[in-house]
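Working notes, structure below.
Along the sequence shown, residues are numbered consecutively beginning with 1. Hydrogens, waters and symmetry mates play no part in the numbers below; they use all other heavy atoms, side chains included. In this text, all values refer to a predicted model and were calculated from it rather than measured experimentally.
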Amino acid sequence: MLVRSAHSRVRRGARRTIGAALRCCAPALLGASLALLLGCSGAAQPPPARPARVVKTPPAQPKAPEGPPLLPAHVIAELEDEDATPYLARRGDEALLLYAAGGRLRTRVLGADGAPRGDAADVGPAAADVPVAALRAAPQGYIAAWIEQAAGSRAVRVIALDPAGKPTGPASLVAQTAEEITWLEVLPNAAGALVLWEMPREAQDNVDRVDVVMTVVAQGKGGAAIKPTAPASVAREVLGWNAVATERGAAVALVLPPAGGDRKPARKADADDAVAAPKLGSVALLEIDPAGKVSGPVTVSPEPTAQIDLEIVSVGGRYLLTWTDERDIDSAVYLAAVEPGGKVVVAPRQATPPSGEQALVSLVAPSAEGGGRALLAWEDLLRARGVDGGAESGGQGRLIHLASVGPDGALSAERAGLVFSASGPPDLAADGDGFAAVTLAPAALKAGGGEAAPPVWPTFVRFGPDLSVRAAEPVRAAPFAATDGVPYLVRGLSCHKGACATLASAAAGAPAPQGGAAAGAATGRAPLAVVSLPVRESPWRAPAFREDRDPPPRATAVRALVEGDSIAKVAAAELDGGAAMAAWVTYFVEGASNRAPRGQDLSATLAVRAASPGGLGKLSVLSQKASSIGGVAIAAAPPAPADAKGKGGAAQGESVLAWVARERGETQVYVTKLDATGAKVAQKKLTTAPRKKQGGAASEASDVAIAYDGAGGFIVAWVDTRDGNAEVYAARVDRALNRTVPDRRITNAPLDAAEVQIAVRGQEAWLVWSDARPAGDAAAGGAGDPGGEASGDIFLARLDAKTLQRIGDETRLHASPEHSRSPVLAPYEGGAVVAWVDEAGAAAGGAAASGGGAAGGHARFVRLDSGGAVQGPPLAVAAPDGAPASSVALACDKVCRGVLASAPGDSVALNAFTLAPGEAAAPAMKLLAWLTGSASQDVSPAFAGRSGASLFFADDAVGGSGRVRWMTIAWP
């Protein structure tokens, strides 16, 4: 697959997604993506599970930095098609290049430094249309095979080459058919090689399948003869496969279609797009001996949840298999290890801690002289952009994670991040006991000022065995002087005995390299060079860094609690023993759904789930008649004390939900008691207000909030329109959910209130909310014209926690020309800290008019003392890069810790910060995650507890379904 910076990041099922995208691309792009040997026909396509490691420089670039030296390079050939693929295979200290020129196949031997050894050798005629080929080193030289297409037929040919690259005989026809042949692999062994290819079969259930076929290639003494056997079947109608050469012949990993009744249900979004449905199946392994005898398949992972991006390598005498797995809500990278003969010694398990949706990028086998560890590369889709690498990353591109892995399937504690500004995988190779990469990344000097956007260039990185960066710099060499030394295409990374090199080519029509017969003249061909990638001092900023040295705050794990409809509101509370209870209500528009069975009245879904260090509890759906605008709130209480006779106590803490049900078109507030597992213990209707009005719309209850009162009861607050406009109401219940203080109206203002929040401070209950009353309302702390324009400000009311009588007047926390919304209230010392979002409005002329923040809106913080008085001026905090803030979560203990959700572009980012109340300077922001949902979504972040260690939030998955996620955070 051709790698371009313009493509989107890899997503769940990325191999099929990107493959589908390429089928719509221009012929030149398609030709390159198919790894053409001789030209660009675009007639056949390799399976999208096998993207080629080709890095293509974007055509439009900022001005290049000046000064740094170029890399050593040797021009070895000229390609007639700039997108044609040359092939390189290493054999000891030499390498062989295979390419096409003048209608002929040619080879050229290269030394350890990439310098040509002699002239090119003629191999034979080149077919006009060769979509896929392979070249591998063998004990007696090299073996090449390719697919030809001509006159409606497809053929597989194979040829043996001696160590000098000369053919030992003519190319042999292995197979010829009118059917498609879409991929091919050569697996050498001591006696010759096994050549495997795949043939697509008719799709079943909208899922493509393939047959895997092979031939045995035997070489006589001295390599003088090549004798392929007749084609034989390896596996039929599999979803995907991958193979590795071994001393025993070859091992083939398979993704098998599930049995008829065992197919995992498609994701919600996939059900509407059968063409994009993921290929999921079980994983099996079979072996082939050098004579072509195929063993029976051994089941490695019986669950029908593996994607087709399966990879296999040989590590420490074992086969290591890895794939993207969808057995849980979030896709994850799984690993398993199998001994030769088929014994599964490491059962399938998740390779890394949960981090939201993951996608496998690649698995790289260790080098022959290396330390016996492979390299696993994957992507966390909640951190799909490489902006979290600080100065090292340059702030552009996807973030690919790297870790070494041994025969036991355990990943190293050392982790590296690699920035890749394109789709598809970067080029990775084993480098002695370390590894090397060629990636596409921003090219910036360490000493650069960073004012202008850096160009995006192919860049190499050399990693040590602990994944520390040993060297890094852009791939720039003299043969490409016409383009600042940067080649058009880079591919074929290889390393041997600590020396690494890559193939690089210019675009066709570029000036010939200096020193040639027509130096500086346009040749119409594409110069091809071997560029050395040395370990040396470099002024360039590395596009890679050690992730395990990333200072907190940082996300340590992310798990999904549910998948289904989009989420309207998330709430959470801390329970005993480090557990948390999360609650949510889905998004539902009245009259916009016909999913309810006839005669039933369904609305939004209300559900809860416990989460603890030991895992997730059972998902409990409490109601399918909830109101989305009603929201949901949860408060936890300690275990109930026993009475004088020792009865009535509770061994575990309980929690109570406040939510709004919609029945027969009317809404009422409910309270529900839960045990520590999330099971419903009791439930009562809190309000019984008449809602229907003649000649007008029925009144609504919305925006519920709840807090434990510290005395065995709970205080519930909500917004209600029963008296016309939206006002704040409150009520109190005991532990048995009996009302001890009935509905009490708290506010009385000419315009609407919204989004009430509550906290208990000693003997008082504090309420904060957003209110659209005029700015000149003197009773609320305003001044000026009572008829002034209303934009919405945050207000505070103090209530007696026992009677809910108001204590003093309401207080406007900050008068702003902006629209203030989404308040949160976090207890701190004897008072509290209040945060909210200020949205820039037309009257404000932008957020800058309020004395701080970004032009797209920002967060604002105020500290309240024990009497509810504002301490100092409000602090405005802008999101990174001027992005508009969308919501904020806040938890305060000794300091306040927060997460600010912002919407840069069409996405959502979660940024962590630490705030010491009273500080005048805005806190620094640290990116926690890029979410997969769109910028229009309110992710409703909510902390469970005062430590800020557990964050719950909503996010739409890559496939479009709604999810509630649980993130654990490490703080300084």
Are [X] and [Y] side-chain neighbours, meaning at least one heavy-atom pair lies under 4.5 Å?
| X | Y | result |
| --- | --- | --- |
| L825 | I758 | no |
| D793 | L813 | no |
| P941 | L951 | yes |

Note to self: Checking D838 against S820: is there a side-chain donor and acceptor pair closer than 3.5 Å?
What the structure shows: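 S820 vs D838: donor-acceptor pair found between side chains.
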
Next item on the list: Determine whether the side chains of T721 and E700 contain a donor N or O and an acceptor N or O closer than 3.5 Å.
Entry: no

Roughly how far, to the nearest 0.5 Å, is [atom2] of [Y] from [atom1] of [X]?
| X | Y | atom1 | atom2 | result |
| --- | --- | --- | --- | --- |
| L381 | D955 | CG | CG | 10.5 Å |
| S902 | L910 | OG | CG | 8.0 Å |
| S566 | R963 | OG | CZ | 11.5 Å |
| S612 | L575 | OG | CG | 9.5 Å |
| L737 | F714 | CG | CZ | 8.0 Å |

Check: Taking only residues at least two apart or on different chains, which pairs with a member in residues 861-897 satisfy ring-ring contact (aromatic ring centres under 6.0 Å, His included)?
Finding: F861-F913

Check: Who are the side chain to side chain contact (heavy atoms under 4.5 Å, CB included) partners of V716, not counting sequence neighbours?
Finding: A658, V669, V671, L686, I706, W718

Margin query: If you count heavy atoms of other groups shown closer than 6.0 angstrom to CG of D881, is the number above 12?
Written below: no

Notebook entry, point to check: Heavy-atom count around Q763 CD within 6.0 Å, excluding the residue itself: above 12?
Noted result: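 Not buried by this count: 12 neighbours or fewer within 6.0 Å.
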
Next item on the list: May I ask you to check if R722 and Y729 form a cation-pi contact, with NZ or CZ under 6.0 angstrom from the six-membered ring centre and within 45° of the axis?
Entry: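 Checked: cation-pi criterion met.
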
Margin query: Here's one to test your reading of the geometry: is the NZ or CZ of R773 within 45 degrees of the ring axis of F795 and under 6.0 Å from its centre?
Written below: yes

Notebook entry, point to check: D752 and A726: which non-hydrogen atoms are nearest, and at how many Å?
Noted result: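 Reported closest heavy-atom pair: OD1-N, 2.9 Å.
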
Is [X] salt-bridged to [Y], cutoff N-O under 4.0 Å?
| X | Y | value |
| --- | --- | --- |
| R732 | D709 | yes |
| E357 | R965 | yes |
| R897 | D893 | no |

Under 3.5 Å: donor-acceptor pair, side chain of [X], backbone of [Y]:
| X | Y | value |
| --- | --- | --- |
| K673 | R735 | yes |
| D800 | K802 | yes |
| S628 | T586 | yes |
| T747 | V728 | yes |

Checklist line | side chain to side chain donor-acceptor pair (under 3.5 Å) between H858 and R860, intermediate numbers included | finding: CA-CA 7 Å; H858 54 274; R860 199 178 293 275; 3.1 Å; yes

Notebook entry, point to check: When R798 is tested against each of E810, E764, Q805 for side-chain hydrogen bond (donor to acceptor under 3.5 Å, both in side chains), which residue passes?
Noted result: E764

